[in-house]
Amino acid sequence: MVATATDIKLRGLPRRLVQEGVISEDALHTATAEATRLKTTLVSYLVGQQMVDAKDVALAACHEFGVPIMDLDSLDIDVEVVRVVDQGLLEKHRVLPLYRRGRRLFVGLSDPTNLPAVDEIKFQTSMAVEAVVVEDHKLQAALDKALEAVDTTFSSLDDDDFDLENLDVSAGDDEEIEDITRADVEDAPVVRFVNKVLLDAIKKGASDIHFEPYEHTFRVRTRMDGVLKELARPPVALSGKVAARIKVMSRLDIAERRVPQDGRIKMKLSKNRAIDFRVSTCPTLFGEKIVLRILDSSSAKLGIDALGYEEFQKELYLYALSKPYGMILVTGPTGSGKTVSLYTGLNILNTEDRNISTAEDPAEINMPGINQVNVHPKVGLTFASALRAFLRQDPDVIMVGEIRDLETAEIAIKAAQTGHLVLSTVHTNDAPKTLTRLVDMGVKPYAIASTVNLIIAQRLARRLCNNCKQPREIPNEALLREGFTEDEIEEGLKIYGPTGCSQCTDGYKGRVGLYQVMKVTDTIGRIIMDGGNAMQIAQQAESEGVWDLRRAGLQKVKDGITSLEEVNRVTVD
């Protein structure tokens, strides 16, 4: 027999809601019956149907049960506390660990009568659990955010959370790794050591890992914020075994030690999160040096505002991206953030109505909605052949990983001349030299002048840690020599320097881009066609208001974002 609304007697929280005038008795009877039918909690049903205000329900629960109440907007959730409770329990009962005091865990819930949730968390954590009332609609949003943070925050990873000997690691493709029975590969300490190095590098936010064998030593270094730091010095006898282990993980030939090899590793950290590593081996005098590049797709989704462009530079880039055809070139040394700059632009262009294709060596950032191709010269898939294929597939936007030769340059130029927007990189020191580099390759000057819309030269400088940076006293004469103007000094220029604290590395935390953004104007185009050199182009660009990399760096120093030492490290005075 199904109970009717009038058969349901009110007690506890429902009675309190009626007594305090939050909802009428008839409406509550109906809501209770519906919540039972839908197999959901009364509080979730009332708030979800907007029959009551979530704050009123929380206050009523607080008064009825004598349980403390908390506003989730005023609390920063600690990911470490959330990780204490199994994710399945949190999702099943809609509860959120808020904070802990010794062996007491305080959890937020919208319905204090949810005793099964409290009991299960007690059993799973072996801790005393205290309930705290929170607003229902804020609880769901905070729970989703906390679970996402647990899944994606690498700094919170703990070695104890992983079986270092059996970590889910595979090659970068879907093919299975062939069984290897060699002792140096299956040696459990070696497997554990390699997995721990990879995890430590991820936790530290490193961009590269270097395994370097020498005659009497073997060291492991990581590149953090652009600077190499030593991570470990394992016994030199392990160098060959470590190399073999990494080569198996990346599907390389462990028997071939005479020539360089390239591969890829995928490390699965959770069911929703995996990290890719690009692997490069190189034979040296005393073994193979192996470098792993940690690939993070999320860096391209930061947005253009997070990259460090000055406002006028950002506008130039966005304007060039809005054009239906032409070419945008990015230049800078390896590791200067060129790929992130290009993919940030592609992310802006990545809409349903555009066909975007990229040719890279290899593709470092995976972006849904973009057709990405890895070039493979050994089988004839070069940048040039990939470009030819793209042009037969009705493209709107094409990205070429690098223009290395005349053939690739000519096809890219023709694509830009025939109604396509082309993005690419060229290895030069600054924007003016990029134009003369194309001429040196053999590209016709008139073709360069008519197709290249914008050139971006860039470097990455370390950001000062906001927690510990300190003002520096530098004489005015020294500031003038560094490139600051007298007007800037008279305005009260304040220079900051690194100090170092527990939250950073040597006083720095993260990196910021320094950019030279040069629009190829008609005047610069004429200089190119007249056979002008890079110096003439640079002088004209400066007269048109283009900042060089040094000027961009000094502006970051003036804004307190980086230090003068760091700008001197990455730019030329």
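When reading the values below, keep in mind they use all heavy atoms of this one structure, side chains included, and skip hydrogens, waters and symmetry mates.
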Margin query: Applying side chain to side chain donor-acceptor pair (under 3.5 Å) to Thr434 and Arg437, what does each step give before you reach the verdict?
Written below: CA-CA 5 Å; Thr434 303; Arg437 171 73 178 125; over 6 Å; no
Margin query: Is there a salt bridge (Lys or Arg N to Asp or Glu O under 4.0 Å) between Glu230 and Arg221? Walk through the geometry before answering.
Written below: CA-CA 4 Å; Glu230 188 170 299; Arg221 293 190 293 173; over 6 Å; no
Item checked: Expected output: side-chain Thr451 to main-chain Met327 donor-acceptor under 3.5 Å -> no
Checklist line | Close side-chain approach of Tyr515 to Gln313, heavy-atom, < 4.5 Å | finding: yes
Margin query: With a 4.0 Å cut-off on N to O distance, would you call Arg404 and Asp361 a salt bridge?
Written below: yes
Notebook entry, point to check: Are Leu292 and Ile290 side-chain neighbours, meaning at least one heavy-atom pair lies under 4.5 Å?
Noted result: yes
Margin query: Check this for me, if you would: do Lys556 and Glu310 make a salt bridge, where the nitrogen-to-carboxylate-oxygen distance has to be below 4.0 angstrom?
Written below: yes
Next item on the list: Answer whether the closest heavy-atom distance between the side chains of Lys469 and Thr499 falls below 4.5 Å.
Entry: no
Note to self: What I'd like to find out is whether the side chain of Arg569 reaches to under 4.5 Å of the side chain of Arg459, using heavy atoms alone.
What the structure shows: no
Notebook entry, point to check: Is it true that Glu407 and Arg388 make a salt bridge, defined as a side-chain N closer than 4.0 Å to a carboxylate O?
Noted result: yes
Check: For residues Thr344 and Asn347, is any side-chain donor paired with an opposing acceptor at under 3.5 Å?
Finding: no
Item checked: Side chains of Val426 and Glu402 in contact at under 4.5 Å (non-hydrogen atoms) -> no
Note to self: So, taking the atom named CG in Leu387 and the one named CE in Met399, what distance separates them when rounded to the nearest 0.5 Å?
What the structure shows: 11.0 Å
Item checked: Intermediate values then yes/no, salt bridge (Lys or Arg N to Asp or Glu O under 4.0 Å), Arg293 and Asp208 -> CA-CA 4 Å; Arg293 165 67 59 88; Asp208 302 87; 2.5 Å; yes
Notebook entry, point to check: side chain to side chain donor-acceptor pair (under 3.5 Å) between Gln458 and Ser341: does it pass, once the steps are laid out?
Noted result: CA-CA 9 Å; Gln458 65 181 78; Ser341 285; 2.7 Å; yes
Next item on the list: Kindly write out the residues that satisfy side-chain hydrogen bond (donor to acceptor under 3.5 Å, both in side chains) with Thr505, not counting sequence neighbours, or none if the list is empty.
Entry: none
Next item on the list: Decide yes or no on side chain to side chain donor-acceptor pair (under 3.5 Å) for Asn568 and Arg550, but give the supporting numbers first.
Entry: CA-CA 8 Å; Asn568 286 334; Arg550 178 73 182 178; 2.7 Å; yes
Note to self: Once ring-ring contact (aromatic ring centres under 6.0 Å, His included) is applied, do any residues pair with Tyr317, and if so which ones, sequence neighbours excluded?
What the structure shows: Tyr309
Next item on the list: Taking the side chain as every heavy atom from C-beta outward, state whether Leu321 and Leu423 have any atom pair closer than 4.5 Å.
Entry: yes
Check: Would a 4.5 Å heavy-atom cut-off, applied to side chains only, mark Ile561 and Leu464 as touching?
Finding: no
Check: For residues 372-383, which residue pairs qualify under side chain to side chain donor-acceptor pair (under 3.5 Å), counting only residues two or more places apart or in two chains?
Finding: Tyr343-Gln372, Thr382-Ser385
Notebook entry, point to check: Where is the tightest heavy-atom contact between Phe218 and Val236, given as atom of each residue plus distance?
Noted result: CB-CA, 3.7 Å
Checklist line | Pair Asp548 + Arg551, salt bridge at N-O below 4.0 Å | finding: no
Notebook entry, point to check: Donor-acceptor pair, Lys247 side chain versus Asp253 backbone, under 3.5 Å?
Noted result: yes
Notebook entry, point to check: Gly500 and Cys468: which non-hydrogen atoms are nearest, and at how many Å?
Noted result: N-SG, 3.3 Å
Next item on the list: Would you mind checking if Asp225 and Arg462 are paired as a salt bridge, meaning a charged N to carboxylate O distance below 4.0 Å?
Entry: no
Notebook entry, point to check: Does the side chain of Val279 reach to within under 4.5 Å of the side chain of Asp262, using non-hydrogen atoms?
Noted result: no
Item checked: Note: Asp430-Lys433 ion pair, threshold 4.0 Å (strictly below) -> yes
Next item on the list: Give the minimum heavy-atom separation between His427 and Thr331, together with the two atoms involved.
Entry: C-OG1, 4.0 Å
Checklist line | Worked check of side chain to side chain donor-acceptor pair (under 3.5 Å) between Ser563 and Tyr508 | finding: CA-CA 9 Å; Ser563 67; Tyr508 296 97; 2.6 Å; yes
Checklist line | Main-chain N/O of Ser207 paired with Arg223 side-chain donor or acceptor, under 3.5 Å | finding: no
Notebook entry, point to check: Looking at Gly442 and Leu406, what are the two nearest heavy atoms and their distance?
Noted result: C-CD1, 3.5 Å
Next item on the list: List the steps and the verdict of side-chain contact (heavy atoms from CB on, under 4.5 Å) for Leu381 and Val373.
Entry: CA-CA 9 Å; Leu381 181 56; Val373 174; 3.8 Å; yes
Margin query: Checking the side chain of Thr125 only, and the main-chain atoms of Val85 only, is there a donor and an acceptor separated by less than 3.5 Å?
Written below: no
Item checked: Side-chain H-bond candidate by donor/acceptor type, Asn366 with Asp276, under 3.5 Å -> no
Note to self: Between Lys196 and Asp200, does any side-chain N to carboxylate O distance fall below 4.0 Å?
What the structure shows: yes
Check: Closest heavy-atom contact between Leu549 and Ala457?
Finding: CD2-O, 3.5 Å
Next item on the list: Considering non-hydrogen atoms only, spot the tightest contact between Cys501 and Asn467 and give its length.
Entry: SG-ND2, 3.4 Å
